[in-house]
Amino acid sequence: MAKMNPLFIIAFIISSLFSTVRSDSSDHRYKEGDLVPLFANKVGPFHNPSETYRYFDLPFCVPDHLKEKKEALGEVLNGDRLVSAPYQLEFQRDKDSVSVCKKTLTKEDVGKFRSAVRKDYYFQMYYDDLPIWGFIGKVDKEGKDPSDYRYYLYKHIHFDIFYNKDRVIEINVRTDQNALVDVTEDNEVDAEFYYTVKWKETNTPFEKRMDKYSQSSSLPHHLEIHWFSIINSCVTVLLLTGFLATILMRVLKNDFVKYAHDEETAEDQEETGWKYIHGDVFRFPKFKSVFAAALGSGTQLFTLTVFIFVLALVGVFYPYNRGALFTALVVIYALTSGIAGYTATSFYCQLEGTNWVRNLILTGCLFCGPLFLTFCFLNTVAIVYNATAALPFGTIVVIVLIWTLVTSPLLVLGGIAGKNSKAEFQAPVRTTKYPREIPPLPWYRGTIPQMAMAGFLPFSAIYIELYYIFASVWGHRIYTIYSILFIVFIILLIVTAFITVALTYFQLAAEDHEWWWRSFLCGGSTGLFIYAYCLYYYYARSDMSGFMQTSFFFGYMACICYGFFLMLGTVGFRAALFFVRHIYRSIKCE
């Protein structure tokens with residue numbers, strides 16, 4: 001058997017990821033009477049967005065030729081499982097109360113439908129790549145007691161379709177509130193299901209047919225809230241940065257004058273302040289391998305975030321571009337692993353580390369390890385629930401192949417480049433042989449109180465926008481105002497950098513020279529605040545319930561917040577390092 005070129009395999013995997021999956025008629029042009037593709041996607045409880053099941057897990061009418069649609073990686077990760085729907089919607093052909101099927105619902109079928117109606121199940125379909133939703137039934141709550149509630153299944157669906165010349169522009173679905181099947185009792189029920197199709201002409205051009213989905217997040221009152229959020233954040237930033245800049249400039253100026261004066265006067269007076277720990281301030285931190293690995297992972301995640309923002313601002317993630325975000329995340333993370341390898345290893349070698357191979361393995365596992373363990377647990381939960389969130393074996397194989405053929409080789413190449421960069425650590429002052437003793441400090445100068453102070457301000461700048469992001473990711477809102485989100489992200493970086501610099505200065509002024517890990521932890525502490533917000537959102541702002549949805553929410557949010565911790569920790573440390581180098585370069589030290 002001929003040996004395959006690994007570059008060919010990589011190219012094949014990436015091309016298969018980015019092949020955008022469309023409906024069977026890729027040009028979206030139809031003649032009268034043409035069958036326009038309609039795919040049923042999934043059903044699930046409205047308040048539990050992660051808990052979705054295959055459409056035919058409920059005993060609906062099954063078409064004669066059930067066909068599964070081939071999906072790209074991003075769609076599978078998104079939990080999409082498209083199959084041919086039982087309705088025939090030909091182009092420009094009206095239909096009135098056409099029978100889909102007659103069937104006898106067994107006691108088990110009635111029980112399934114009743115349970116689904118009780119949990120507010122909705123269905124989702126795609127018609128010529130346009131998403132449509134509807135509820136499968138309703139609960140009649142005339143009786144006060146839940147035991148008196150009546151459960152009804154809708155049996156007549158109306159499709160209202162708008163077309164412009166030879167293209168489908170819009171589709172709406174509604175259910176007939178009078179055509180119902182009572183599924184309250186555990187009895188066999190005979191039911192006949194119908195559908196009606198009405199075609200109407202519209203002047204909306206094909207290019208603007210997706211606009212209605214993105215308009216909901218651009219409604220005037222929503223935009224007002226977003227701009228209020230931006231102005232609130234900007235005022236916070238201006239006040240904070242102005243305050244810190246003024247204080248630091250004045251204090252530093254006084255320090256520089258004082259230290260210059262001290263050098264001219266008596267040498268034997270007692271030494272205090274940040275200048276007199278110059279021999280310890282650039283002493284390398286403990287656990288330098290973990291520290292370098294965290295910086296490498298944080299830099300990679302920062303690069304990934306910037307690339308995602310670029311794609312979002314260019315317009316790649318329009319609403320219901322199924323799985324585009326997941327595809328982009330997987331591919332860009334794989335392709336940026338070289339940055340993590342280079343950053344971690346070069347910094348580790350600057351810190352005079354010797355075992356760079358171990359450092360490289362640690363960098364590769366620092367973020368991916370917890371993510372993989374979380375995924376294994378949550379995927380097992382999804383398999384037990386038989387939900388569409390459970391990844392098929394083939395998809396897991398593709399992800400493992402990407403990791404082994406793209407991520408790992410790039411990580412190693414980056415590590416080798418970092419090791420061979422031979423860069424030396426730029427310290428403006430010499431480090432003494434023996435560390436200076438740190439004086440006893442009050443409790444509020446400890447690591448945890450400092451982290452709480454450092455995380456609160458950046459979090460307060462983003463928390464309004466967080467609600468909209470959560471409602472989009474863990475709900476059914478649509479988020480499309482990426483420009484505002486990008487401004488909020490820039491504000492977050494500025495506040496994180498400034499607050500870390502300020503706390504680092506106060507730490508050094510108290511003659512505490514162990515600032516390396518402290519600056520990283522203070523920078524990253526916003527991630528912990530975001531996770532605390534998850535608890536608030538889950539219990540106060542959402543109606544999520546059940547073990548699967550709860551474990552998915554807290555499991556994946558833990559991974560996202562950990563990623564934020566690494567990314568913002570890196571930003572905080574880089575800002576602090578720049579500041580510390582600058583102030584020690586500005587004074588004369590023996």
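The first residue of the sequence shown is numbered 1, and numbering continues consecutively from there. Heavy-atom basis, side chains included; hydrogens, waters and symmetry copies ignored. All values derive from a computational prediction rather than experimental measurement.
Between the side chain of Gln450 and the backbone N or O of Tyr444 there is at least one donor-acceptor pair closer than 3.5 Å. Between the side chain of Lys288 and the main chain of Leu351, a donor-acceptor pair closer than 3.5 Å is present. Between the Ser297 side chain and the Ala293 main chain, a donor and an acceptor come within less than 3.5 Å of each other. With hydrogens and angles ignored, the 3.5 Å screen pairs no side-chain donor or acceptor of Tyr505 with any backbone N or O of Thr500. Between the side chain of Glu465 and the main chain of Leu485, no donor-acceptor pair closer than 3.5 Å is present. Within the 3.5 Å criterion, the main-chain N or O of Trp403 finds a donor-acceptor partner in the side chain of Ser408. At least one donor-acceptor pair closer than 3.5 Å links the side chain of Gln549 to the backbone N or O of Ser50. Under a 3.5 Å cut-off, the side chain of Asn48 and the backbone N or O of Ser545 do form a donor-acceptor pair. At least one donor-acceptor pair closer than 3.5 Å links the side chain of Arg581 to the backbone N or O of Gln426. Although no hydrogens or angles enter the test, the distance criterion places no donor-acceptor pair under 3.5 Å between the side chain of Thr343 and the main chain of Gly296.
Residue Leu493 holds its CG atom at 5.5 Å from CZ of Phe302, rounded to the nearest 0.5 Å. To the nearest 0.5 Å, the span separating CD on Glu424 from SG on Cys349 amounts to 12.0 Å. Here Thr374 contributes atom OG1 and Ile560 contributes atom CD1; the two are 10.5 Å apart, rounded to the nearest 0.5 Å. With values rounded to the nearest 0.5 angstrom, Ile462 atom CD1 is found 4.0 Å from Ile530 atom CD1. Remark: Cys522 SG to Ile448 CD1 distance equals 11.0 Å, nearest 0.5 Å. Note that SG of Cys365 is 10.5 Å distant from CZ of Phe372, once rounded to the nearest 0.5 Å.
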Item to check | Step-by-step side chain to side chain contact (heavy atoms under 4.5 Å, CB included) determination, Val400 to Val397 | outcome: CA-CA 5 Å; Val400 170; Val397 168; 5.7 Å; no
Checklist entry - Hey, mind stepping through Leu521 and Phe573 against side chain to side chain contact (heavy atoms under 4.5 Å, CB included) and telling me if it holds? => result CA-CA 9 Å; Leu521 294 171; Phe573 170 72; over 6 Å; no
Next on the checklist: Evaluate Tyr533 against Tyr463 for ring pair (Phe, Tyr, Trp, His ring centres under 6.0 Å), listing each step before the verdict.
Outcome noted: CA-CA 8 Å; Tyr533 180 82; Tyr463 82 98; 7.5 Å; no
Item to check | Verdict with reasoning, Tyr538 to Thr550, per side-chain hydrogen bond (donor to acceptor under 3.5 Å, both in side chains) | outcome: CA-CA 8 Å; Tyr538 181 85; Thr550 306; 2.5 Å; yes
Checklist entry - Passes side chain to side chain contact (heavy atoms under 4.5 Å, CB included), Ser542 versus His47? Steps please. => result CA-CA 8 Å; Ser542 79; His47 298 297; over 6 Å; no
Next on the checklist: Under the criterion side chain to side chain contact (heavy atoms under 4.5 Å, CB included), I'd like the reasoning laid out for Leu466 against Phe459: C-alpha separation, chi angles, the key distance, then a yes or no.
Outcome noted: CA-CA 9 Å; Leu466 268 185; Phe459 175 75; 3.5 Å; yes
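Looking at Thr447 and Arg518, their side chains come closer than 4.5 Å, going by heavy atoms from C-beta outward. Inter-residue side-chain proximity for Asp80 and Val76 is flagged as unmet; no heavy-atom pair is nearer than 4.5 Å. Contact check for Phe547 versus Tyr385: side-chain heavy atoms found under the 4.5 Å cut-off. The side-chain heavy atoms of Thr363 and Thr345, taken from C-beta on, include no pair separated by under 4.5 Å. Looking at Thr52 and Tyr122, their side chains come closer than 4.5 Å, going by heavy atoms from C-beta outward. For the pair Val429/Phe282, a side-chain contact is recorded, criterion being any heavy-atom separation below 4.5 Å from C-beta on. Inter-residue side-chain proximity for Thr303 and Phe307 is flagged as met; some heavy-atom pair is nearer than 4.5 Å. Put simply, the side chain of Ile308 does not reach to within 4.5 Å of the side chain of Tyr482, judged on heavy atoms.
Comment: Asp512 does not engage Arg445 in a salt bridge, judged by the lack of any side-chain N to carboxylate O separation of less than 4.0 angstrom.
Annotation: cation-pi geometry not satisfied between Arg430 and Tyr584 (NZ/CZ under 6.0 angstrom from ring centroid, within 45° of ring axis).
By the 30° and 60° cut-offs, the orientation of the rings of Phe291 relative to Phe347 is tilted. Using cut-offs of 30° and 60° on the angle between ring planes, the pair Trp517 and Phe520 is perpendicular.
Taking each heavy atom of Val281 and Trp515 in turn, the nearest pair found is O-NE1, 2.7 Å. The shortest non-hydrogen separation linking Ser346 to Ser421 is CB-OG, 3.7 Å. When every heavy atom of Ser551 is checked against every heavy atom of Val381, the shortest pair comes out as OG-CG1, 4.0 Å. The two residues Trp443 and Pro449 come nearest to each other via the heavy atoms O-CG, 3.4 Å. Shortest non-hydrogen contact noted between Leu301 and Met567 is O-SD, 3.9 Å. In terms of heavy atoms, Ala294 sits closest to Leu566 at CB-CD2, 4.1 Å.
The neighbour count for Phe456 CZ, taken as heavy atoms of other residues, nucleotides or ligands under 6.0 Å away, does not exceed 12. Atom NE2 of His476 sits in a crowded spot, with more than 12 heavy atoms from other residues, nucleotides or ligands closer than 6.0 Å. The number of heavy-atom neighbours closer than 6.0 Å to CG of Leu313, taken from other residues, nucleotides and ligands shown, is above 12. Environment of CZ in Phe564: sparse, with no more than 12 heavy atoms of neighbouring residues, nucleotides or ligands closer than 6.0 Å.
Aromatic ring centres of Tyr556 and Phe375: separated by at least 6.0 Å. Between Tyr467 and Phe470, the gap from one ring centroid to the other reaches at least 6.0 Å. Annotation: Trp516 is in aromatic contact with Phe425 [ring centroid separation under 6.0 Å].
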